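Some notes on the structure that comes next.
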Amino acid sequence: MTETRLRTWSHSTAYTLSAIFISALAFQNLRYGFYQLFYLALMMATLLFAGLVYTLVSRRQQLSAPGHLVILSLLNIGLFVSCLTLDAPGISHWAMPLLVLNLTILPLRQGLALSALLVATVSISLWFRQPLADALISSSGLALMLAVVGFYIWGYDYMAQSAQNLSTTDPVTGAHNARFLDETLQKEISRAIATGHPLSVVSIGLNHAEEVRDLHSKTGLQTLLKNMTEHLFETIRTGDTLYTVNESEFFLILPFTPEEGVRVIAERIRRNLVEHDWPEVGKVSVSLGCTTRGNGDTSTYSLRSRATSAMEEARTRGANSAWFSPGEPVKA
């Protein structure tokens with residue numbers, strides 16, 4: 001299940017359960033003649049139903065749907081005003097499901113800010129209208145609930161982000177991995193086709209990686225690759241992305257870069273890598289293959305294979321060299 005679908009499912013469930021709860025409150029208050037609370041609950045249930053509809057309509061844009069903040073702000077404002085103006089017993093309990101809803105649907109910072117304001121408003125009304133002991137218990141309960149739910153949501157977000165980083169990052173070098181390479185490269189190809197801007201790629205291979213492993217162990221090779229990654233991060237431009245492939249090879253995606261630009265960048269990278277004195281290993285030998293998207297390059301395979309072939313050609317022509325392999329020119 002993708003993150004967008006998961007959020008759609010969780011948002012829909014949260015809105016539905018909250019709407020059922022508030023609707024039950026509405027009919028219970030109508031039954032006992034508390035008409036002001038009935039109208040409040042009816043208004044809140046209507047907003048919750050609108051939130052459910054909005055979730056389903058914008059299901060493909062859940063990660064950037066601003067309507068949730070508007071709907072939940074209206075719900076919180078309605079309860080703010082009611083707590084300050086209505087002398088109704090038990091209305092402070094209505095804040096509890098709203099706290100959970102805020103933190104479940106909104107981004108953590110927005111949810112915490114809105115929930116903290118709700119707790120403060122409800123607590124103020126409690127301190128003015130209830131005995132000291134009752135107000136202290138109720139306000140402390142709301143604050144504790146906010147802390148527990150907020151901590152839980154923070155932990156979930158942290159684990160989700162860690163899982164995402166693990167799925168797209170090479171654990172040895174810290175660069176993006178080959179799985180994420182194909183996804184990003186396809187997006188860049190589609191953008192280049194749509195805009196007509198050039199797109200270039202560079203394949204970088206460490207020569208004699210097996211000899212480095214034999215002399216310095218697997219840990220020494222991994223340390224070298226990690227140090228090379230850090231050096232490459234300092235060398236590439238903002239907007240370029242770096243990937244680790246096949247253990248001892250790197251791949252660069254260079255958006256908006258024509259043939260002349262990728263030739264210069266590849267040579268600069270080659271010179272920086274071979275002239276650097278690496279800890280424990282000393283000098284290294286690298287080969288680079290680069291290419292620019294041609295008119296027939298509509299998938300990742302052609303670009304990656306041509307860049308890899310160019311790197312192998314560079315190896316056959318001698319250590320520490322870069323080779324450019326042209327594709328079919330892009331038609332204007």
Side-chain angles (χ1 to χ4, degrees), residues 164-185 188 198-292 303-304 306-325:
Q164 182 179 7
N165 290 340
L166 288 174
S167 67
T168 62
T169 304
D170 183 82
V172 174
T173 64
H176 293 305
N177 57 24
R179 176 184 177 184
F180 193 53
L181 166 59
D182 284 329
E183 179 182 341
T184 307
L185 184 55
E188 291 296 340
L199 170 67
S200 296
V201 296
V202 180
S203 183
I204 308 168
L206 173 65
N207 298 329
H208 315 300
E210 292 298 327
E211 287 83 345
V212 174
R213 184 198 298 270
D214 293 340
L215 290 173
H216 303 281
S217 76
K218 181 178 180 180
T219 302
L221 175 61
Q222 290 179 341
T223 301
L224 171 63
L225 293 172
K226 183 178 180 181
N227 291 335
M228 290 177 67
T229 302
E230 294 174 354
H231 197 70
L232 285 168
F233 275 132
E234 296 175 357
T235 305
I236 63 177
R237 309 165 303 174
T238 302
D240 299 341
T241 49
L242 176 66
Y243 305 82
T244 300
V245 293
N246 299 333
E247 189 180 73
S248 60
E249 296 178 8
F250 300 95
F251 198 90
L252 273 172
I253 300 178
L254 311 175
F256 304 98
T257 305
E259 175 183 338
E260 298 80 6
V262 72
R263 286 178 180 271
V264 172
I265 293 172
E267 178 58 27
R268 184 173 72 244
I269 292 174
R270 184 201 65 78
R271 188 171 59 252
N272 287 341
L273 291 178
V274 301
E275 292 179 356
H276 191 79
D277 194 14
W278 302 99
E280 299 184 8
V281 177
K283 302 294 184 180
V284 298
S285 171
V286 295
S287 298
L288 293 87
C290 51
T291 188
T292 301
L303 270 180
R304 287 189 61 177
R306 196 162 66 246
T308 302
S309 298
M311 181 186 67
E312 296 298 334
E313 180 68 22
R315 277 180 174 157
T316 62
R317 291 175 177 271
N320 299 326
S321 61
W323 185 259
F324 179 85
S325 179

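Keep in mind that what you see is a predicted model, and the values were worked out from it rather than measured.
Shown here are the side-chain contact (heavy atoms from CB on, under 4.5 Å) partners of Glu313, two or more places apart in sequence or in another chain: Thr316, Arg317, Trp323. Residues meeting the ring pair (Phe, Tyr, Trp, His ring centres under 6.0 Å) test with His216, sequence neighbours left out: none. For Gln222, there are no side chain to side chain donor-acceptor pair (under 3.5 Å) partners, not counting sequence neighbours. Partners of Glu230 under the side chain to side chain donor-acceptor pair (under 3.5 Å) rule, at least two apart in sequence or in another chain, do not exist in this structure. Remark: Glu267 engages Arg270 in a side chain to side chain donor-acceptor pair (under 3.5 Å) (not counting sequence neighbours). Residues forming a side chain to side chain donor-acceptor pair (under 3.5 Å) with Glu312 (at least two apart in sequence, or on another chain): Arg315.
Annotation: side chain of Thr292 is not in contact with side chain of Thr257 (no heavy-atom distance under 4.5 Å). Asn272 places none of its side-chain heavy atoms less than 4.5 Å from the side chain of Glu234. Side-chain contact check for Val245 versus Arg304: some heavy-atom pair is nearer than 4.5 Å. Between Leu225 and Phe250, the closest side-chain pair of non-hydrogen atoms falls below 4.5 Å. Proximity of Leu206 to Leu224: side-chain heavy atoms (C-beta onward) are separated by under 4.5 Å at one or more points. In this structure the side chain of Val212 never reaches within 4.5 angstrom of the side chain of Val284, judged on heavy atoms. Between Thr184 and Tyr243 the shortest side-chain heavy-atom distance falls below 4.5 Å. Between Thr241 and Leu181 there is no side-chain heavy-atom pair separated by less than 4.5 Å.
Within the 3.5 Å criterion, the main-chain N or O of Met311 finds no donor-acceptor partner in the side chain of Ser287.
Among all heavy-atom pairs drawn from Ala175 and Thr229, the shortest one is CB-CG2, 3.9 Å. Nearest approach of Cys290 to Val202, heavy atoms of both residues: CB-CG2, 3.9 Å. Pro255 approaches Arg237 most closely through the heavy-atom pair O-NH2, 3.7 Å.
The 12-atom threshold is exceeded at NZ of Lys283, counting heavy atoms of other residues, nucleotides or ligands nearer than 6.0 Å.
Partner of Leu252 under the side-chain contact (heavy atoms from CB on, under 4.5 Å) criterion, chosen from Val201, Val262, Ile269: Ile269.
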